[in-house]
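Here the structure comes first, spelled out in structure tokens, and everything after it is commentary.
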Amino acid sequence: MVIEFGQDRPQTEEILEFTKTKKADEARQILFEELKKKNLLKIFEEIEKPLLPVVKEMNERGVLLDKNIFKKLSEKYRARLAELEKQIWKLAGVNFNVSSPKQLGEVLFVKLGLKAKNQKKTAKTGMLSTKESELEKLREVHQIIPLILEHRELAKLLGTYIVPLPALVDKTGRLHTTFIQAGTTTGRMASREPNLQNIPNKTDVGREIREGFVATPGFELVSFDYSQIELRIAAFLSGDKKLIEIFKAGADVHAAVASRVFNVPLDEVSKEMRRRAKVINFGVMYGMGVNALRQQLGTDRKEAQKFYENYFQTFVGLAKYLDETRAAAARRGFTETYFGRRRYFEGFKSPLPFIRAAAERMAINAPIQGTEADVIKIAMAQVAEFLRKEKLLEKVFLLLQVHDELVYETAENLVSAVAPKIKEIMENVLPLSETKEVPIVADVSVGDNWGMMKKFG
DNA sequence: TATGAGGGCGCC
DNA sequence: AAACGGCGCCCTCATA
């Protein structure tokens, strides 16, 4: 029997229907047989099961919001948005809904007649796209463009975070998401209603929103961030000698990669060289091809091709690993993380090359992203166990998990004692003996709110 | 008024 | 055209 559930939180009735049984006990048997068959009992018993109460507690604790901050931001950005709209309408010579891609496209591409040489079209309807990367191409062409981009950013943040979030807090001012433990195909968790795994962080405006996520009085927020964990995982999964050496040396990984690929001494690595290395370092783990690389780097095809080749000629172990992962996934129909978590694929059976290529990219990413998910899940449960043993359950609370980051709320007087312990637990889920000596590192920061955190230690 | 598709974008 | 993995949610707009 091939089980294809595709549901992250099935109700009991749905489980019974799915297993075609009437009794919960029988359904349980059937599901465990399936786990056994897929070699997933260990993942369930050792990673997911101990995590169940931890996720439950995290959902129930919630995070305190400062409504005042949201109110101020709301007033400020509503006003700015109105200003922008007025200016945009004036420059366009017509009043229209700036938030409507259809109307905006009409204004930009027909009325104003703007067009860059590589203006992309949308996938389904073939209209000229107004997405940010396309508008960037027109930034210097017309003064309306920067106004639209600012409008986009503010409208997004206002509509998605600033207005909705404070309306969702409970009587005590706390906001509760639902973390879904089995929310993704790779093993990562998901967060819903609201999603607290995509709170803005990139721009200054975005970070202001994080300042509204505050510590309970008497507590501090303490955040632990795995540093470049996916790339470290790629290094030890692939066994790539050079990449492993880079991490063992503990230097700036993107700069070090640039130094190797461009064949220049570390101190001669330019900003641009580092930027390019960073793009490909990330791209590799997503199965990026030359074309996507070219697009991201903003270079021509030839240069991107050369860079791509240099990269894989430098990191031959990584190249070999990626090839083998693709091949094994196609042959077996699934991939496995370091801990044995599987992801199954249908795409390899498809006659359509595009579908098979998509399956290959997913197969490249799944073991890396999935191992990251395994590691942080193990850490969450181990930290919880530590807090239990040390009788710290009323002093330290896990609030959020954001894939490679854990945010705890810690009684002020305990931060300096507890933070190093949590850091240590996180870093030793995988000891050096299991990572081919690649260190797993977590950076710690502390603050009264999530927007202004200071490096700890 | 409710629903789903489409375009778009926030995070890791 | 898409061409880079994993998510959830917003607004618009057509349709029921």
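Side chains are part of it too, since the values below use all heavy atoms of this structure and drop only hydrogens, waters and symmetry mates.
Counting heavy-atom neighbours within 6.0 Å of Glu136(A) CD, excluding the residue itself, gives a total above 12. The environment of NZ in Lys278(A) is sparse: at most 12 heavy-atom neighbours from other residues, nucleotides or ligands sit within 6.0 Å.
The nearest pair of heavy atoms linking Glu150(A) to Leu84(A) is OE1-CD2, 3.6 Å.
A salt bridge links Asp204(A) to Arg207(A): at least one charged side-chain nitrogen sits closer than 4.0 Å to a carboxylate oxygen.
Judged by a 6.0 Å distance limit and a 45° cone about the ring axis, Lys38(A) is positioned over the six-membered ring of Tyr344(A).
Along DNA chain C, the nucleotide closest to Lys121(A) and the one closest to Ile180(A) are compared, and the more 5′ of them pairs with Lys121(A). Residue whose closest nucleotide on DNA chain C sits further toward the 5' end, between Asn291(A) and Arg192(A): Asn291(A).
Using a 4.0 Å heavy-atom criterion, one finds that Gln295(A) contacts no nucleic acid atom at all. Contacts of Phe354(A) with the nucleic acid, taken as non-hydrogen atoms under 4.0 Å apart, include base atoms. No engagement by Arg301(A) is indicated, since no non-hydrogen atom pair under 4.0 Å with the nucleic acid exists. Contact annotation for Met285(A): no contact, since no heavy-atom pair falls under 4.0 Å across all strands.
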Readout for nucleotides 5-12 of chain B: B = base within 4.0 Å of protein heavy atom, S = sugar-phosphate only, - = neither; 5' to 3' it is -SSBBBSB
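Look at the C1' atom in both dG7(B) and dA1(C): the space between them is 15 Å, to the nearest Å. Distance noted for atom P between dC4(C) and dG8(C): 22 Å (whole Å). Rounded to whole Å, the separation between the P atoms of dA3(C) and dC9(B) comes to 15 Å.
Remark: of the listed residues Gln181(A), Gln197(A), His403(A), Lys377(A), His403(A) is the sole one forming a side-chain contact (heavy atoms from CB on, under 4.5 Å) with Arg188(A).
Glu427(A) places a side-chain N or O within donor-acceptor distance of the main-chain N or O of Ala442(A), the cut-off being under 3.5 Å. Here the side chain of Arg301(A) pairs no donor or acceptor atom with the backbone of Val290(A) at under 3.5 angstrom.
Aromatic ring orientation, His254(A) versus Phe282(A): tilted (interplanar angle from 30° to 60°).
First and last contacting nucleotides of DNA chain C toward chain A (any atom under 4.0 angstrom from a heavy atom, 5' to 3' order): dA1(C) to dA14(C).
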